[in-house]
Amino acid sequence: MEQLISDIEAYCERVGITPQKLLRDAINAQWGQWQKWKIGESSPTMKVADRLRAFMDENGAVHKSGRGDSFPSRQGAR
């Protein structure tokens, strides 16, 4: 679980969104789900974790905001 949390945080930092937004976009999670995972109150199933990883892999270069804007990855930025 710690690795998944770390991967989510790194992805969100790279694409400029919050973990809550990622969970909402990727798995249609409730807004409080991220905090529950962080504090250990709940955890995702393996199926959900796989869906999150697939979403991050497929959307690593560009993530669309709720307004339809595209944001390029900051992966190469220094």
Fill in: Spatial distance of atom CG (D50) from atom CE (M46) [nearest 0.5 Å]
5.5 Å
Fill in: Flag side-chain contact, heavy atom, 4.5 Å: I8 against M56
yes
Item to complete: Could you tell me whether the side chain of T18 reaches within less than 4.5 Å of the side chain of W34, counting heavy atoms only?
Response: no
Worksheet item: Are P19 and K38 close enough that some pair of their side-chain heavy atoms sits under 4.5 Å apart?
Response: no
Practice prompt. Please assess L23 against L52 for the test side chain to side chain contact (heavy atoms under 4.5 Å, CB included), listing each intermediate value before the final yes or no.
Written response: CA-CA 7 Å; L23 268 60; L52 276 167; 4.1 Å; yes
Worksheet item: Considering all heavy atoms of both residues, which atom of R51 and which atom of A26 are nearest to each other, and what is their separation?
Response: NH2-O, 3.6 Å
Worksheet entry | CD-CD distance between E41 and Q35, expressed to the nearest 0.5 angstrom | 9.0 Å
Response to the item:
Residues S43 and M1: closest non-hydrogen pair is CB-SD, 4.2 Å
Worksheet item: Shared ILVMFWY cluster between I5 and W31, side chains joined below 4.5 angstrom?
Response: no
Worksheet item: Are D25 and K21 close enough for a salt bridge, meaning some N to O gap below 4.0 Å?
Response: yes
Discussion item. Would you say that Y11 contacts I17 through its side chain, given a criterion of any heavy-atom pair below 4.5 Å between the two side chains?
Written reply: yes
Worksheet item: Any ion pair linking R53 and E58 (charged N to carboxylate O, less than 4.0 Å)?
Response: no
Worksheet, complete the sentence: Distance col, row S6:OG vs Q3:CD, nearest 0.5 angstrom, shows 5.0 Å
